2 protein chains.
Amino acid sequence: MDTSAAPTSPNGQRPDPSRIERLCIERGLKMTGQRRLIARVLSEAEDHPDVEELYRRASALDSRISVATVYRTVRLLEEKGIVERRDFGGGRARFDPTDRGHHHHLIDVDTGKVIEFEDAEFERLARAIAERLGFSLIGQRLELFGRRPEDAPAARPGRKSGR
Amino acid sequence: MDTSAAPTSPNGQRPDPSRIERLCIERGLKMTGQRRLIARVLSEAEDHPDVEELYRRASALDSRISVATVYRTVRLLEEKGIVERRDFGGGRARFDPTDRGHHHHLIDVDTGKVIEFEDAEFERLARAIAERLGFSLIGQRLELFGRRPEDAPAARPGRKSGR
DNA sequence: CTAGGTGCAAATCGTTTGCGGTGAT
DNA sequence: ATCACCGCAAACGATTTGCACCTAG
């Protein structure tokens, strides 16, 4: 399913357009170095970074970028439907590329970790509820907050996702 | 089911404690004039006001109150579990008294109106999903965004809610 | 070449907080 | 009396924006 080419290319600095860069081009965005950078960071992110984190990761690759640009770009990407803005509490917005498919989140209240999941039954139920109320469903937001019981199948200590 | 007494009482200014004032007293909060006022406004609200709106409504009843106090009180009530903080987008937090029972929201994307609803099947499903992922469910957030089809059976004017 | 992007710093906006005075218990 | 509350204004943290310069198309 993944059509992305090898992330490493012969010519040192440009491992060919990232997933998200390609989307940007498709939608006719002018691709500057900064945007390419942010697109790359987002493409490679397995978690849901906030602006500060995006800025940190982008600066690490090329320090010639300002937070203001990250804010502007992220907003642009949101308008183009390339990323979705999320609010997991904690004041700052976090971003989620839309090309990974529709999903919801379960936030581990103890660790702050975010687990993604899909659920067909929920999709159906959501639509049914909306219709029952006389609406057609445009969008939904579902977040579960949970705690792993002590005797649970021990979360693999692998650090990923969430802050 | 509603145990509230008549909202009008003989002694001019104090139509007996509001629903929420009673809860405050139960939980041992020192009841000042301002808190009584905010409790009243919240008790009478059929919608989900933000701080600015609460402040506006409270000031209308007695101008000797400041926004800072509204912020402080609303936060206190949240800690005591008397109201819940909500985020329907738009930057400001909105507040929802918990004594109206557990419910979720459907936001009319055209009008911004908020419709409350409950759904037992969803509760069950949410718990099931959390368990499937190895968590016990602590909380959830469900918001549906919908649009009323032109030819819709015009929402029964039963419920209010929304701004 | 030119519309649009960018960095920087100042400005906004919702919300919090320090402080001196006030009021509920 | 005491300790928590209140109003005011300054402080804050996230995000936006005005301006002068710079770059992709």
Side-chain angles (χ1 to χ4, degrees), chain A residues 13-14 17 20-22 24-41 48-56 58-59 61-80 82-95 163, chain B residues 13-14 17 21-22 24-41 48-56 58-80 82-95 163:
Chain A
Q13 204 40 247
R14 181 82 47 73
I20 292 185
E21 178 176 349
R22 232 162 306 168
C24 291
I25 295 170
E26 264 176 42
R27 320 221 172 166
L29 295 186
K30 187 190 277 191
M31 288 314 289
T32 66
Q34 292 86 326
R35 289 191 182 169
R36 225 184 303 276
L37 199 53
I38 297 173
R40 178 110 81 95
V41 169
H48 306 82
D50 56 31
V51 168
E52 195 175 308
E53 182 60 25
L54 287 174
Y55 175 56
R56 207 188 327 278
S59 312
L61 300 179
D62 182 339
S63 57
R64 289 183 302 249
I65 190 174
S66 73
V67 244
T69 298
V70 179
Y71 273 107
R72 282 192 271 235
T73 303
V74 114
R75 167 177 273 251
L76 184 65
L77 296 183
E78 187 191 3
E79 281 161 9
K80 296 290 182 181
I82 296 174
V83 302
E84 268 173 27
R85 182 183 300 264
R86 303 281 192 172
D87 167 33
F88 296 154
R92 24 239 273 189
R94 296 171 64 172
F95 299 88
R163 66 147 51 238
Chain B
Q13 203 43 247
R14 182 86 42 73
E21 178 176 350
R22 233 164 305 169
C24 292
I25 296 171
E26 264 176 43
R27 320 224 170 165
L29 295 187
K30 189 189 275 189
M31 289 313 290
T32 66
Q34 292 85 328
R35 288 190 182 169
R36 227 184 302 277
L37 199 52
I38 296 173
R40 179 108 82 92
V41 169
H48 306 82
D50 56 31
V51 166
E52 194 174 309
E53 183 61 25
L54 287 174
Y55 174 57
R56 208 189 326 276
S59 312
L61 299 179
D62 182 339
S63 56
R64 288 183 303 248
I65 189 175
S66 73
V67 241
T69 298
V70 179
Y71 274 107
R72 282 192 269 238
T73 303
V74 113
R75 165 179 272 251
L76 184 65
L77 296 182
E78 188 189 5
E79 282 161 8
K80 294 291 182 182
I82 296 173
V83 302
E84 267 173 30
R85 182 184 301 263
R86 303 281 192 172
D87 167 34
F88 296 154
R92 24 241 272 187
R94 297 172 63 170
F95 298 88
R163 59 147 68 239

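In what follows, chains are A, B, ... by sequence order, proteins preceding strands, each numbered from 1. Scope of the values below: all heavy atoms of this structure, side chains included, with no hydrogens, waters or symmetry mates. This structure is a prediction, so every number in the text was calculated from the model and none was measured.
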Separation of dA14(D) P from R56(A) CZ (nearest whole Å): 11 Å
For atom NZ of K80(A) and atom P of dG4(C), their distance in whole Å: 11 Å
At what distance, to the nearest 0.5 angstrom, does CG of L61(B) lie from CG of L37(B)? 5.0 Å
Of the options R94(B), R56(B), R92(B), which is the one that meets D50(B) in a salt bridge (Lys or Arg N to Asp or Glu O under 4.0 Å)? R92(B)
Run the salt-bridge test on E78(A) and R75(A) with the 4.0 Å N-O cut-off and return the result as yes or no. no
Only counting residues at least two apart or in another chain, list the ones meeting side chain to side chain contact (heavy atoms under 4.5 Å, CB included) with Y55(B). S59(B), I65(B), V67(B), V70(B)
Residues in ring pair (Phe, Tyr, Trp, His ring centres under 6.0 Å) contact with Y71(A), at least two apart in sequence or another chain: none
Measure all distances between protein nitrogen or oxygen atoms and nitrogen or oxygen atoms of nucleotides 8-15 of chain C, and list the pairs falling under 3.5 Å.
residue: dG14(C); atom: OP1; partner: R92(B); partner atom: NH1; Å: 2.3
residue: dT15(C); atom: OP1; partner: A93(B); partner atom: N; Å: 3.0
residue: dT15(C); atom: OP2; partner: Y71(B); partner atom: OH; Å: 2.7
residue: dT15(C); atom: O5'; partner: Y71(B); partner atom: OH; Å: 3.3

Between C1' of dT15(D) and CG of L54(A), the distance in whole Å: 14 Å
For nucleotides 20-25 of chain C, list the nitrogen or oxygen atoms of the protein found under 3.5 Å from its nitrogen or oxygen atoms, one pair per line.
residue: dT25(C); atom: OP1; partner: M31(B); partner atom: N; Å: 3.4

Pairs meeting criterion salt bridge (Lys or Arg N to Asp or Glu O under 4.0 Å) with involvement of residues 61-73 of chain B, two or more places apart: D62(B)-R64(B)
Send over the distance from Q34(A) CD to dC21(D) C1', rounded to a whole Å. 13 Å
Give every donor-acceptor pair under 3.5 Å between a side-chain atom in residues 26-34 of chain B and any protein atom, sequence neighbours left out.
residue: R27(B); atom: NH1; partner: K80(B); partner atom: O; Å: 2.6
residue: T32(B); atom: OG1; partner: R35(B); partner atom: N; Å: 3.2

Whole Å only: how far is the CZ atom of R64(A) from the C1' atom of dT6(C)? 12 Å
Side chains of R86(A) and F95(A), heavy atoms from C-beta outward: is any pair under 4.5 Å? no
Spacing of L76(B) atom CG relative to dC6(D) atom P, expressed in whole Å: 9 Å
